[in-house]
Amino acid sequence: MIITRTTDEQQAWSAAARSEGRTIGFVPTMGFLHRGHATLIERVRPLVDELVVSIYVNPLQFGPTEDLDRYPRNPDGDAALCQSFGADCLFMPSTLYPPDFATTVAVAGLTTGLCGASRPGHFDGVATVVTRLFGLTQCQVAAFGEKDYQQLAVIRRAVRDLALPVTIVPVPLVRDVDGLALSSRNVYLSPVERARALSLSRALHWLAEHAPGQPAASVLAEARAMLDVDQLDYLSLVDADSLAPLDHVDRPARALVAAFVGKTRLIDNVAVG
Ligand code: AMP
């Protein structure tokens, strides 16, 4: 596995592979890799000739009070994991943008609710970095986890609207044995906080069982009472495709939650119906 550290190196590596007719798959990440990330790599590996993983903590998608500076890092462990799962190229740039970078990719509509409401500008940062990474890696296939369900919808829309020549492969959310959605941020949780954080997946699974056919407000009130969190950003039932809030759970839906346990913001979601 080769490690590229600048945008020029990555572009040159990808251009050489493409000029030899080799297909490129891509898994973008922010590092501190876990089994969820490994599942994305495993999913793309058999689809392509060359597999690129990127590790970049993208400042554009962090708000001024968020955890950009303390986001966990483990470059050596990440490189070992990528190699063991068969990556051909690990792109680890220290910076991704030229000093006069001036472009924003903004997806309207899908980004107004849920995490878009509690993290203003977040999805502009995500859509912008992913579009730039697609250009740099010249990938034809890219995997995104359903863990970030709204992000996946935003990327799919940007790819469709901008006619980007990349096939998006969605990967189901991977949980720890106790039900907690795997996340790099779980390392922030104390043992007590981690036990409280399990209330997120419990409330979501309760909704998956009890929400179909029901008015959303009543089941959401019951599920909200199950949460043991310090700040709830949202607990919502939305249309699985449009992400529009539902009054009545009468179609394929998604239950999503974002909440702080201690100082750690956690997200999770499940399919409903
Ligand atoms: P991150 O490093 O957190 O930005 O995540 C990089 C990619 O891995 C995104 O597409 C995430 O949705 C995906 N991912 C992170 N955690 C999980 C998980 N527990 N299950 C599935 N995919 C995940």
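Heavy atoms only: backbone and side chains are in, while hydrogens, waters and symmetry mates are out. One-based numbering, in listed order, for ligands and for the atoms of each.
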**Q** Check Asp124, Leu96, Val105, Leu60 against Val129 for a side-chain contact (heavy atoms from CB on, under 4.5 Å) and give me the one that passes.
**A**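 Of the listed residues Asp124, Leu96, Val105, Leu60, the side-chain contact (heavy atoms from CB on, under 4.5 Å) partner of Val129 is Leu96.
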**Q** Does Arg35 come within less than 4.0 angstrom of ligand 1, counting non-hydrogen atoms of the residue?
**A**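 Not so, Arg35 does not reach ligand 1.
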**Q** Does any donor atom in the side chain of Thr23 or Arg18 lie under 3.5 Å from an acceptor atom in the other side chain?
**A** no
**Q** Take Ser14 and Gln10 through the test side-chain hydrogen bond (donor to acceptor under 3.5 Å, both in side chains) and record every step on the way to the result.
**A** CA-CA 6 Å; Ser14 290; Gln10 183 57 48; 3.0 Å; yes
**Q** Of the protein's non-hydrogen atoms, which lies at the shortest distance from atom 16 (N) of ligand 1, and what is that distance?
**A** His34 CE1, 3.2 Å
**Q** Looking only at protein heavy atoms, which one is nearest to atom 10 (O) of ligand 1, and how far off is it?
**A** Gly145 N, 2.9 Å
**Q** Look at Asp230 together with Arg196 and state whether they make a salt bridge at an N to O cut-off of under 4.0 Å.
**A**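 Yes, Asp230 and Arg196 are salt-bridged.
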**Q** In ligand 1, which numbered atoms sit nearer than 4.0 Å to a non-hydrogen atom of Leu182?
**A** 16 (N), 17 (C), 18 (C), 19 (N)
**Q** Name the closest protein heavy atom to atom 20 (N) of ligand 1, giving the residue it belongs to and the distance to 0.1 Å.
**A** Val174 N, 2.9 Å
**Q** Starting from atom 6 (C) of ligand 1, what is the nearest protein heavy atom, named by residue and atom, and what distance separates them?
**A**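 Protein heavy atom with the smallest distance to atom 6 (C) of ligand 1: Pro28 O, 3.4 Å.
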**Q** Which of parallel (below 30°), tilted (30 to 60°) and perpendicular (above 60°) describes His210 and Trp206?
**A**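 Parallel, since the angle between the ring planes stays under 30°.
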**Q** Between Asp241 and Arg254 (salt bridge meaning N to carboxylate O under 4.0 Å), is one present in this structure?
**A** no
**Q** Among Met30, His37, Arg175, which one puts a heavy atom closest to atom 5 (O) of ligand 1?
**A**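 Of the listed residues, His37 has the closest heavy atom.
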**Q** Please confirm whether Leu40 comes under 4.0 Å of ligand 1, counting heavy atoms of the residue only.
**A**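 So Leu40 counts as touching ligand 1.
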**Q** Just distances here: any N/O of Phe144 and N/O of ligand 1 closer than 3.5 Å?
**A** no
**Q** Got the closest protein heavy atom to atom 17 (C) of ligand 1, with its distance?
**A** Lys147 CB, 3.5 Å
**Q** Measure from NZ or CZ of Arg70 to the centre of the six-membered ring of Tyr188, then state whether that distance is under 6.0 Å and the direction lies within 45° of the axis.
**A**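 Yes, Arg70 sits over the ring of Tyr188.
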**Q** With side-chain contact (heavy atoms from CB on, under 4.5 Å) as the test, pick out the partner of Phe91 among Ile3, Thr7, Ile2.
**A** Thr7
**Q** Using a 3.5 Å cut-off on N or O atoms only, is Asp148 in polar contact with ligand 1?
**A**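 Indeed, backbone or side chain, Asp148 has an N or O that close.
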**Q** Would you mind listing which atoms of ligand 1 come within a distance below 4.0 Å of any non-hydrogen atom of Leu173?
**A** 20 (N), 21 (C)
**Q** One residue to check: Pro172. Relative to ligand 1, which of side chain, backbone, both or neither has a non-hydrogen atom less than 4.0 Å away?
**A** backbone
**Q** Given Leu235, which partner from the list Leu204, Val229, Leu200, Leu256 fulfils the side-chain contact (heavy atoms from CB on, under 4.5 Å) test?
**A** Leu204
